[in-house]
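Side-chain atoms are counted along with the backbone in the values below, which use heavy atoms only and exclude waters and symmetry mates. Protein chains get the first letters and strands the later ones, always in sequence-line order, with residue 1 at the start of each. The model shown is predicted, which means the values in this text are computed figures rather than measured ones.
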Amino acid sequence: MSRSSVSAVPVDSLSAEEARAEHERLGEALAEADRQYYQDDAPTLTDADYDALRRRYEALEAAHPALRTAESLSERVGAAPSGKFGKVTHAVPMLSLGNAFADEEVTDFVGRVRRFLGLEADAPVAMTAEPKIDGLSCSLRYVDGRLAVAATRGDGAVGEDVTANIRTIHEIPQVLKGAPEVLEVRGEVYLSHEDFRRINARQEERGLPPFANPRNAAAGSLRQLDPRITAERPLRFFAYAWGEIAPARPRDTQSGMVKWFDELGFPTNPLTVVCESAEELLAHYRRIGEMRATLGYDIDGVVYKVDDLALQARLGFVSRSPRWAIAHKFAAEKATTILDAIDIQVGRTGALTPVAKLRPVTVGGVVVSNATLHNEDYIKGIGTDGARFREHDIRVGDTVIVQRAGDVIPQVLDVVPEKRPADARAYAFPTTCPACGSPAIREEGEAVRRCTGGFACSAQALERLRHVVSRRVLDIEGLGAERLPFFYEDPDLPIREPADIFTLARRDQANLKKLKDKEGFGALSAKNLFDAIEASRTVPLDRLIAALGIRHVGETTARVLARAYGTWQAFHDAAVRVAEGDADTRHELDSLDQIGDAVIDALAAYFAEPRNRAMVERLVAELTVQEAEKPKSDTPVAGKTVVFTGSLEKMTRDEAKAMAERLGAKVAGSVSKKTDYVVAGPGAGSKLDKARDLGVIVMTEDEWFELVK
DNA sequence: GCGCCTCGAGTTCC
DNA sequence: CTCGAGGCGC
């Protein structure tokens, strides 16, 4: 049999061994064909032959699910960055939006915007309202009017290069007339209901499994390695946002920008309107809700944005999402099913989290079989659920109501008491760790029960490693949740602590290249893994601090610490000092924004433990740590610590803080001997007195503006 | 001391 | 995405 011919033996009549052999052979042939097609640009197979191979390969996996491993080609195509799509760093990050479900949250949002801007409670603020399309967000970069790069959202900072696939979308112009030198248009790629049905019919004709919903089909189509497949899928696009624009943005409102996109030839959503109050926004929300079923494409809510771009700039961002926009989601679809069991998972901090194992049920187009139960009290029904007191206690065997929160995360909402089996017993939450058997205790006043096993608990160790390699921390491609347990257990090349990741290649050399001979590993995947690890060896200080996994020190707090200390050595020394009980250092940390006793205690406890310190030393010895992005140093207030107090009249407190930080100053909450300036509005009290006692410079808002001008 | 806001730590499915 | 809790303003 030649490599490119396809066996006619029905896949389900093959033995497991025969199937495995054929699967492997086809995988190699397909990989080779891909290489020729993409790299050498010289295909040796016709499209039809390639498709036949591919279909046989997938049919084998369908009949023999054991073949569908992380190494499988079909997994590599829809899954995480496979190395086949290039990475694209967004010039301006693509952020996510905050959510609202109840009308009240929308009113709150509008109130928050007004308050932040210092407007009267009933002052009109122009806001746009537009349907929230349920597809994939994409950023299209045009240089000199030609489509240059198209990227998926990714983690918001770095996405995947899907330019070739985007070029197959007819609705997206390849060339723009009268566009600025650089223009990034952002919007949603989606599939209409009609086209979705057509694609699924074709999938079935070809004996392939149908897509669960239009969004999955759109995602699968956009992330095809083969643009010829994408071209068969009539994807559509709506433009609603932008990234970099140079030399200048031509309009000064959100609605004006969308109109401009329309003039440039992009599809824009016809249901976009400008409103002036929360009531008008809600009225439009209801109008769109009524039209939902007849729109012909999926939407999952309505997005509201402050229209004036100057106001958007003043409002700025909160951590990951803009303060000037919110997504008002439609109520999630609910379903009932039976709770078969309650599993306990152990997190990296030792937290025991109960997970509901459900009789599989379709909710919102996806089959759900697991759902979080949050904690011990949630199962008992202690506490409140919004306005209403929860009275359920959740028992194994119960019929439960499930929804996908924000249409994503499955959640057990309630039980149906009438359907409770007579023999159902109240759930007894374990008091020992299911992984290591150590006692699991609940601290006074805490909701979570934690395993006390610490270093002895393998579940915790594994979760800590998982945290280290995760995307928001060291982001090591090819060493994800799937592979880590395999390395953790491995007798030859174990990864038991973070430093082990970076010594892996060395140890492998010493062991005569064992990795590539391991099951599921080839020479290529071993090399890819080593390359990814090498690429992560240089880390920004904030990510390193986040990687330590200190309680209460996540992404944001790590960044605060990194900026405050600048270098690993400075941070490390401060942490050691505070662990030794140094009061000055404690005070210095306390003066940092958002850092208080709980964070300092956690930091001190971590560095007081010799095993942690040794582990960290070993890790840092393997890394090149980049100094933290220096705050601006060329402004009059750079490096100074400022405290705002009293009622500010020229700017809101948040604006004042954002402004000072932009200029490289640190904003502290309380006055200390480290404070350089106190900016006092009318009605300032004890902080002003303290500033005078300490001889700190006190100024008015006007004097502050004069200083920073 | 209370209440608001933000962050961290947990979670699912593709 | 949600919940709980820390930080901080009032």
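One atom, CG of A:Leu548, and another, P of B:dG8, lie 14 Å apart when rounded to the nearest Å. As rounded to whole Å, 16 Å separates atom P of B:dG10 from atom CD1 of A:Ile379. To the nearest angstrom, C1' of B:dC7 lies 16 Å from CD1 of A:Ile545. When the P atom of B:dA9 is taken as reference, atom NE2 of A:His552 falls 7 Å away, rounded to whole Å. One can place CZ of A:Arg464 at 16 Å from C1' of B:dG10, the figure rounded to the nearest angstrom. Between A:Gln403 atom CD and B:dC13 atom C1' the separation is 16 Å, expressed in whole Å. One can place CD of A:Glu376 at 12 Å from P of C:dG4, the figure rounded to the nearest angstrom. At whole-Å resolution of the value, CG in A:Leu413 and P in C:dC3 are 10 Å apart.
The side chain of A:Asn375 places an N or O atom within less than 4.0 Å of a non-bridging phosphate oxygen (OP1 or OP2) of C:dG4. At least one side-chain nitrogen or oxygen of A:Gln345 sits closer than 4.0 Å to the OP1 or OP2 atom of B:dT11. Side-chain N/O atoms of A:Thr349 include one lying less than 4.0 angstrom from OP1 or OP2 on B:dG10. Contact between the side-chain N/O atoms of A:Ser369 and the OP1/OP2 oxygens of B:dC13 is found at a separation under 4.0 Å.
For A:Asn370, the side-chain atoms get nearest to B:dC13 when compared with the rest of B:dC13, C:dG7, C:dA5. Taking the side chain of A:Thr556 as heavy atoms from C-beta on, and the options C:dC3, B:dC7, B:dG10, the nearest nucleotide is B:dC7. When distances run from any side-chain atom of A:Thr557 to the nucleotides B:dC7, C:dC3, C:dA5, the shortest one goes to B:dC7. Residue A:Lys329 has its side chain nearest to C:dC1 when only C:dC1, B:dG10, B:dC14 are considered. Across B:dT12, C:dT2, B:dA9, the shortest atom-to-atom separation from the side chain of A:Val355 is found for B:dT12. For A:Ala598, the side-chain atoms get nearest to C:dG6 when compared with the rest of C:dG6, B:dT11, C:dA5.
Within 4.0 Å of A:Ile550, counting heavy atoms only, lie sugar-phosphate atoms of the nucleic acid but no base atom. Nucleic acid contact class of A:Val599 (heavy atoms, under 4.0 Å, all strands): sugar-phosphate only.
Looking at every heavy atom in both residues, A:Ala371 comes nearest to A:Gln411 through CB-N, 4.0 Å. Contact detail for A:Arg215 and A:Leu136: the closest heavy-atom pair is O-CD1, 4.4 Å.
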Trace of the salt bridge (charged side-chain N to carboxylate O under 4.0 Å, His left out) decision for A:Lys357 with A:Asp340: CA-CA 6 Å; A:Lys357 311 304 279 186; A:Asp340 280 330; over 6 Å; no
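For A:Tyr304 and A:His328, the distance between ring centers is under 6.0 angstrom.
Across the interface with DNA chain B, nearest-nucleotide mapping of A:Thr372 and A:Ala558 shows A:Ala558 to be the residue nearer the 5′ end. Sequence order on DNA chain B of the closest nucleotides to A:Arg112 and A:Arg551 puts A:Arg112 first from the 5' end.
Between the A:Asp398 side chain and the A:Val400 main chain, no donor and acceptor come within less than 3.5 Å of each other.
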